[in-house]
Amino acid sequence: MDFGDFERLNFRLPGPTPLPPAVREAMRRPMIHHRGSLLKRFYTDLLAKLREIHRTEHDVLVWPGSGSAGWEAAIVNLLSPGDAVLATVIGDFGDRWAKAATRLGLDVRRLDRPWGEAVNVNQLTEALANNPDVKAVFLTHNETSTAVTNPLRELAEVVRAHGALVLVDAVSSAAALPLEMDAWELDVVISGSQKAWMCPPGLVIAAFGPRCWDAYEASRYPRFFWDIKSARDMASQGMTPTTPPLTSLYALDAATDLILGEGLEDVWARHAHLGRKTREGVGDLGFSLLADPAHASDSVTAVHVPEGFTSRRIIDHMVERHGVLMQGGQGPMVEAVFRIGHMGHCDDEAIDDVLAGLAAARDELGLPTASRAAVGAA
Ligand SMILES: *Cc1c(COP(=O)(O)O)cnc(C)c1O
């Protein structure tokens, strides 16, 4: 098999994302004793860096798993079967989280918004007024399937006022978009290594705030692997309850050094710049975007596929002719949009290359795109 093709691609999926050289290099480190002093120093230092990036003084824990495992970890530690929760759903990931909760026996109330839109404060306030018994609210910070960012800080405030727990899926926002766990009083923030963390898939990173521990004591779910108390107890000694995924942790260690070396707020600013540049660039080429412009994501962009085409056709052409790998939509939008990832290891040059490829593809495929002025007028 020739993986070299992928070495040469401008790899612009919204996860997994490209690995910086320092992250790849870190994965060459040797195995170490998982109960030894080196591991304890290494893991203690890694957790401190993760707290800094989450802007929290509370607990950040890491397990092997993909991002979705974080949904389950939050549920089985903080809730009980039959509890009412409010799942806000603005796209495919929010929908999956709601379905996971139903599968685990929660009484799931939903606040659905049309795909491309965010949840607003009034809608959430009304939903909570209609569902006074909900114990937790699920918020997707950045809905990767539609490239929409929810106004998390404002929404969390509404949930806090109601007294429910704020559970946040930050899988495609942590380490990319402004996120202040303590200042915004978020109870749980989950993410996955393969998005803006610039690491291979394989780790779920989850932060738990101070209110979680009473909820933990009250929770009646059985749990073993995802138990946050045993993970916290071991973390306080610089260890994990089960064998740690060492190579993945080496990658995360190098990535957190890159993030903190660049400066967290500079990382956020770079994403804001790349998001704006991508949206303006595709807009200037005459494409239209799925996201409400007021809530467009700075970590991924979703572009409407022009009438008479499929995302598959455009994506195949872009990879074969221009060496740019993009992704289609999710769920019912698989063929209706294509998505450009710009989270994590991404710069101006990578986006210029995507835009040049799209400009050529527009002419080569005869894509019937309107000018931006015409789209605005329609
Ligand atoms: C990628 C992603 C997930 C988790 O996906 P996994 O395949 O389980 O890692 C969850 N939520 C959002 C918003 C995502 O972007």
Side-chain angles (χ1 to χ4, degrees), residues 11-19 54 61-76 87-101 103-104 112-113 115-119 137-152 155-156 166-179 186 188-207 225-226 245 248 251-252 255 271 275 290-291 295-302 326-331 333-334 337-346:
F11 192 80
R12 298 267 60 94
L13 302 188
T17 64
L19 306 179
H54 283 79
L61 302 168
V62 183
W63 289 268
S66 81
S68 317
W71 301 332
E72 184 155 346
I75 290 169
V76 302
T88 64
V89 178
I90 65 168
D92 194 47
F93 284 111
D95 182 60
R96 287 196 214 174
W97 194 4
K99 285 176 175 153
R103 200 79 80 79
L104 288 164
D112 275 89
R113 297 296 304 149
W115 287 25
E117 292 183 23
V119 176
V137 176
F138 298 177
L139 298 171
T140 310
H141 186 192
N142 186 74
E143 178 50 77
T144 320
S145 68
T146 59
V148 169
T149 304
N150 266 317
L152 179 59
L155 298 179
V166 185
L167 310 189
V168 179
D169 174 340
V171 177
S172 59
S173 62
L177 312 182
L179 178 65
L186 311 176
V188 178
V189 175
I190 59 159
S191 57
S193 53
Q194 80 276 24
K195 304 281 172 86
W197 293 107
M198 309 182 283
C199 287
L203 295 176
V204 53
I205 299 141
F225 191 75
W226 303 118
S248 299
L252 189 59
H271 283 84
L290 174 61
H295 298 286
S297 167
D298 288 327
S299 60
V300 54
T301 296
M326 309 187 299
Q327 191 163 342
Q330 287 181 219
M333 291 215 141
V334 169
V337 298
F338 61 85
R339 291 176 297 156
I340 304 160
H342 34 83
M343 68 184 95
H345 187 50
C346 185

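One-based numbering along the sequence shown. Each ligand, and each atom within it, is numbered from 1 in the order the structure gives.
With hydrogens and angles ignored, the 3.5 Å screen pairs no side-chain donor or acceptor of Arg339 with any backbone N or O of Thr301. No donor-acceptor pair under 3.5 Å is formed between the side chain of Thr149 and the backbone N or O of Asn142.
By the 4.5 Å heavy-atom criterion applied to side chains, Ile190 and Trp71 are counted as neighbours.
Between Trp63 and Trp226, the ring planes lie perpendicular to each other; the angle is over 60°, past the 30° to 60° tilted range.
In the model, Trp97 has no side-chain atom that pairs as donor or acceptor with a side-chain atom of Thr140 under 3.5 Å.
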Go ahead and list the nitrogen or oxygen contacts between ligand 1 and the protein that come in under 3.5 Å, distances to 0.1 Å, or just say none.
from	atom 1	to	atom 2	distance (Å)
ligand 1	8 (O)	Ser66	OG	2.6
ligand 1	8 (O)	Gly67	N	3.3
ligand 1	8 (O)	Ser68	N	2.8
ligand 1	8 (O)	Ser68	OG	2.4
ligand 1	9 (O)	Gly67	N	2.8
ligand 1	9 (O)	Gln194	NE2	2.8
ligand 1	11 (N)	Asp169	OD1	3.3
ligand 1	11 (N)	Asp169	OD2	2.6
ligand 1	15 (O)	Thr144	OG1	2.4
ligand 1	15 (O)	Lys195	NZ	2.7

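Of the candidates Val168, Val119, Thr88, Leu167, Thr88 is the only one forming a side-chain contact (heavy atoms from CB on, under 4.5 Å) with Val137.
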